[in-house]
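Numbers restart at 1 for each chain; the letters A, B, ... are given by sequence-line order, proteins then strands.
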Amino acid sequence: MQKITIQNLDKYVGKEVKISGWLTNKRSGKGIEFLIVRDGSGFVQCIADENEIDAKVFNLAKSLSQESSFELKGTVVKDEKQIGGFEIHVKDIKLIGESVSFPITNKPHGVEFLMDNRHLWLRSKRQWAIMRVRNRLIFAIHNFFQKEEFVQMDAPFFTGNAVEGTTTLFATDFYDDKAYLSQSGQLYGEAMAMAMGKIYTFGPTFRAEKSKTRRHLSEFWMIEPEMAFFDNDMNMDLIESFIKYIVKDVKENCKAEFEILERDTSIFDLIIKDKFPRLTYDQAAKILIGEEKVNGKTTIETLENDFLEVLKNIEENQKEIESAENQIKAGVKKGQKNYLQNKIDTIKNNIKELDEKKKVIPQWIESAKHFKYGSDLGGSDETVLTRMFDLPVMVYNWPHEIKAFYMKRDKENPHLAKGVDVLAPEGYGEVVGGGERETNEELLIGKINEHQLPMKAFEWYLDLRRYGSVPHAGFGLGLERMVAWICKLKHIRETIPFPRMYGRLFP
RNA sequence: UCUCCCUUAGCUCAGUUGGUUAGAGCACCUGACUGUUAAUCAGGGUGUCCAAGGUUCAAGUCCUUGAGGGAGAGCCA
């Protein structure tokens, strides 16, 4: 008999197989037990029928608790009703490890409780699906760059200098010298691109910002390609084909995962097919304040519509609660009452979210109306701007004052820098930031002084401009933000096995 | 660092205008039911109401301070 994994069940229909795994859930009827088993590769329902197996085995099946581990023998049967499309009729079970009172049940839990139990939470179906999508994204990213003849190289984690002086860094001790954990591998990426042509780094990045928001982590993974002989237009073309490629790959290879996550993947088809809108910063600013329309509508009109929609939804939800409460008052069976109570709770949660929107949309409108030309796009501005499109939006040609010191100045418009930000749709905000790099040594020295950075630490970087300097460009993709958007998650903390964020160092 | 919100059973939450014995569902145990999809049904008990102080005849409920968490701003991928 062959030992197999759940993801390969389709090749063994009608055959007897052996799997090892854990029990995630159990349902029972008279003389029958439905065991939901996971083995890391997938989930499958196994049926233990009292009439078909040894009494000892049946009793063992009956007594199995959540997350106990065992080896199971049985016959693979096709069943369209099941998530994977198959089930196993049990012949024999051997217990390996008991599990008493597993803390994470198949019922809702709060965020704090789940985060405290992250080491166990990872076993749940939803987390399994997210981690599989993350894995596939990483695979697709490597495939894309390798296919495009990029060389993967690694930047150091310990650095002696801050790339962008403003951000807070984690300070550590490096043989009695002060060192920082890297917040970007980009400067080293530029040096490596001058050696290898096209390179990409893929590693962890550390930011000590005391940010407690749904899109921040203190430790996250970043992909940073850097290309010699590239200008910003070529850079934007590359970013667009890169995103199209990884979205297509993950859509085709993670169907079961998206089903578990209840992620509507139809938006991916647009992304794969249509050209991304490219807006200059000037255009973006005009759209924001309502001077320029998108598809015949201004941002203000769109948001005001959204706001009315929210009010309408809240009203409808409240009516539904009222009618459910009246039914309960009138007297119903226990099962019906539970069902209604459950429904009320769900609607109440909905209303909480809608109330949040009700509070926040007027603030967005105000913030958009009063957007000042020359300032950076705030979180709400990004949401407002992307609300106008179904695709990722590329914003380029930024006022140079608000961009990093190494950003290439536009010859024709010296107040602009040739940077590009990619804003993901559905409110996910900036997933990519990049641009063409300054090659003019004098301008660069001026910028380093302007930002009050220690010139000595940048001597090696300036060398890149002294010996065969060429136009070059690159970008950085935040892996976790990408995963959050692709899976449509509420919070970035679910996108990485063990998130490190302000106030969270364990488990 | 700032603003707003939350903290009640192992978990998720309800608790009205301050009122006398603090509630529900789930989890857990027992039983019923041959195919369940968070299975269902009957029964079984559980509390430092986050902490400290204050107002009051009376505080889970009101006030002050603190702790932890959440959402947002700033900053950012």
J.: Ignoring hydrogens and angles, does a donor from either the side chain of Glu33(A) or the base of G35(B) sit under 3.5 Å from an acceptor on the other?
T.: no
J.: With a 4.0 Å cut-off on N to O distance, would you call Glu226(A) and Lys198(A) a salt bridge?
T.: no
J.: Within less than 4.0 Å of OP1 or OP2 of A39(B), is there a side-chain N or O belonging to Asn25(A)?
T.: yes
J.: Rounded to whole angstrom, note down the C1' distance from U12(B) over to C49(B).
T.: 16 Å
J.: Do the two ring centres, one from Tyr200(A) and one from His142(A), sit under 6.0 Å apart?
T.: yes
J.: Under 4.0 Å between a side-chain N/O of Arg27(A) and OP1 or OP2 of A39(B), yes or no?
T.: yes
J.: Tell me whether Arg136(A) is salt-bridged to Glu257(A), with the criterion being a basic N under 4.0 Å from an acidic carboxylate O.
T.: no
J.: Distance check needed: G10(B) P versus Asp116(A) CG, whole Å only.
T.: 15 Å
J.: Does A71(B) have OP1 or OP2 under 4.0 Å away from a side-chain N or O of Arg214(A)?
T.: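 Indeed not, no polar side-chain atom of Arg214(A) lies that close.
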J.: Take atom CD1 of Ile36(A) and atom P of A39(B), then tell me their distance rounded to the nearest Å.
T.: 8 Å
J.: Taking G45(B) as the reference, what is the distance to G10(B) when you measure between their C1' atoms (whole Å, please)?
T.: 13 Å
J.: Just call it for Asn117(A): base, sugar-phosphate, or nothing, with non-hydrogen atoms closer than 4.0 Å on any strand.
T.: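 Nothing, no heavy atom under 4.0 Å.
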J.: Just checking His491(A): base, sugar-phosphate only, or nothing, at a heavy-atom cut-off of under 4.0 Å?
T.: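 It contacts sugar-phosphate atoms only.
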J.: Under 4.0 Å between any heavy atoms, over every strand shown, what does Gly110(A) touch: base, sugar-phosphate, or nothing? Just pick one.
T.: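 Counting heavy atoms under 4.0 Å across all strands, the contact made by Gly110(A) is with sugar-phosphate only.
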J.: Can you tell me, in whole Å, how much space there is between the P of C63(B) and that of U56(B)?
T.: 16 Å
J.: Less than 3.5 Å between a donor and an acceptor, one on the side chain of Gln45(A) and one on the base of U36(B), is that the case here?
T.: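 For Gln45(A), whose side chain was compared with the base of U36(B), there is a donor-acceptor pair (under 3.5 Å).
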J.: Counting any heavy atom closer than 4.0 Å, what does Asp49(A) reach on the DNA or RNA strands: base, sugar-phosphate only, or nothing?
T.: nothing
J.: Does the Thr386(A) side chain pair with the main chain of Glu382(A), one donor and one acceptor, at a distance under 3.5 Å?
T.: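 The answer is yes, because a donor-acceptor pair under 3.5 Å joins these two groups.
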J.: Using the side chain to side chain contact (heavy atoms under 4.5 Å, CB included) rule, pick out the option among Leu35(A), Ile36(A), Val37(A) that qualifies with Thr24(A).
T.: Ile36(A)
J.: Between the side chains of Lys62(A) and Glu33(A), is the shortest nitrogen-to-carboxylate-oxygen separation below 4.0 Å, so that they form an ion pair?
T.: no
J.: From the options A71(B), A27(B), A77(B), select the nucleotide whose nearest atom is closest to the side chain of Thr105(A).
T.: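 Closest nucleotide to the Thr105(A) side chain: A27(B).
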J.: So if I take every side-chain heavy atom of Phe113(A) and compare against C11(B), G35(B), A77(B), which nucleotide ends up nearest?
T.: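 Given the options C11(B), G35(B), A77(B), the side chain of Phe113(A) is closest to C11(B).
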J.: How would you label the contact of Asn51(A) with the nucleic acid (heavy atoms, under 4.0 Å): base, sugar-phosphate, or nothing?
T.: base
J.: When the ring centroid of Phe242(A) is compared with that of Phe475(A), is the distance short of 6.0 Å?
T.: yes
J.: OP1 or OP2 of G70(B) less than 4.0 angstrom from a side-chain nitrogen or oxygen of Arg493(A), does that happen here?
T.: yes
J.: Looking only at the side chain of Glu112(A) (C-beta and beyond, no hydrogens), which of the listed nucleotides A77(B), G35(B), G68(B) gets closest?
T.: G68(B)
J.: Looking only at atom types and distance, does a side-chain atom of Arg493(A) sit under 3.5 Å from a main-chain N or O of Val111(A), one as donor and one as acceptor?
T.: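 Checking the backbone N and O of Val111(A) against the side chain of Arg493(A), no donor-acceptor pair under 3.5 Å is found.
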J.: Nearest nucleotide by nearest heavy atom, which residue falls closer to the 5' end of RNA chain B, Leu479(A) or Met501(A)?
T.: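 It is Met501(A) whose nearest nucleotide is closer to the 5' end.
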J.: Using atom CG of Leu64(A) as one end and atom P of C28(B) as the other, report the distance to the nearest whole Å.
T.: 13 Å
J.: Give me the stems containing RNA chain B, sorted by first residue, counting only three or more consecutive Watson-Crick or G-U pairs with both distances under 3.5 Å; say none if there aren't any.
T.: B:1-7 with B:67-73, B:10-13 with B:23-26, B:28-32 with B:40-44, B:50-54 with B:62-66
J.: Look at all strands and tell whether Phe34(A) reaches a base, only sugar-phosphate, or nothing, counting heavy atoms closer than 4.0 Å.
T.: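 Base contact.
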J.: Under 4.0 angstrom, heavy atoms only, what part of the nucleic acid is Glu87(A) near: base, sugar-phosphate, or nothing?
T.: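 The answer is base, as Glu87(A) lies within the cut-off (heavy atoms under 4.0 Å) of a base atom.
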J.: Tabulate protein N/O versus nucleotide N/O from nucleotides 2-5 of chain B, keeping only pairs under 3.5 Å, one per line.
T.:
none

J.: Under a 3.5 Å cutoff, is there a donor and acceptor pairing between the side chains of His472(A) and Glu436(A)?
T.: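 No, no side-chain donor-acceptor contact under 3.5 Å.
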J.: Students often get this wrong, so: under 4.0 angstrom with heavy atoms, is Ser28(A) touching a base, only sugar-phosphate, or nothing?
T.: base
J.: What's His216(A) touching, base or sugar-phosphate or nothing? Going by heavy atoms closer than 4.0 Å.
T.: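 Base, at least one base heavy atom under 4.0 Å.
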J.: Take the protein atom CD of Gln66(A) and the nucleotide atom P of C29(B), then report the distance between them rounded to whole Å.
T.: 12 Å
J.: Taking atom C1' of A73(B) as reference, at what distance in whole Å does atom CG of Asp381(A) sit?
T.: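 Whole-Å distance recorded here is 12 Å.
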J.: Taking atom C1' of C28(B) as reference, at what distance in whole Å does atom NZ of Lys26(A) sit?
T.: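 So the two atoms are 12 Å apart, to the nearest Å.
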J.: Tell me if the centroids of the rings in Phe70(A) and Trp22(A) come within less than 6.0 Å of each other.
T.: no
J.: Can a donor-acceptor pair be found, under 3.5 Å and without considering hydrogens, that links the side chain of Ser41(A) to the backbone of Gln7(A)?
T.: yes
J.: Without decimals, in angstroms, what is the distance between Ile104(A) CD1 and C11(B) P?
T.: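 Answer to the nearest Å: 12 Å.
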J.: Using the P atom as the point on both nucleotides, what is the distance between G18(B) and G25(B), in whole Å?
T.: 29 Å
J.: Applying side chain to side chain donor-acceptor pair (under 3.5 Å) to Ser367(A) and Ser380(A), what does each step give before you reach the verdict?
T.: CA-CA 8 Å; Ser367(A) 158; Ser380(A) 75; 3.3 Å; yes
J.: So does Lys73(A) pair up with Glu16(A), basic N to acidic O under 4.0 Å?
T.: no
J.: Classify every nucleotide of nucleotides 45-50 of chain B by which part a protein heavy atom approaches to under 4.0 Å, writing B for the base, S for the sugar-phosphate alone and - for neither, in 5'-to-3' order.
T.: ------
J.: Separation of Phe86(A) atom CZ from U37(B) atom C1', in whole Å?
T.: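 In whole Å, U37(B) C1' lies 18 Å from Phe86(A) CZ.
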J.: How many angstroms lie between atom CE of Met236(A) and atom NZ of Lys418(A), to the nearest 0.5 angstrom?
T.: 9.0 Å
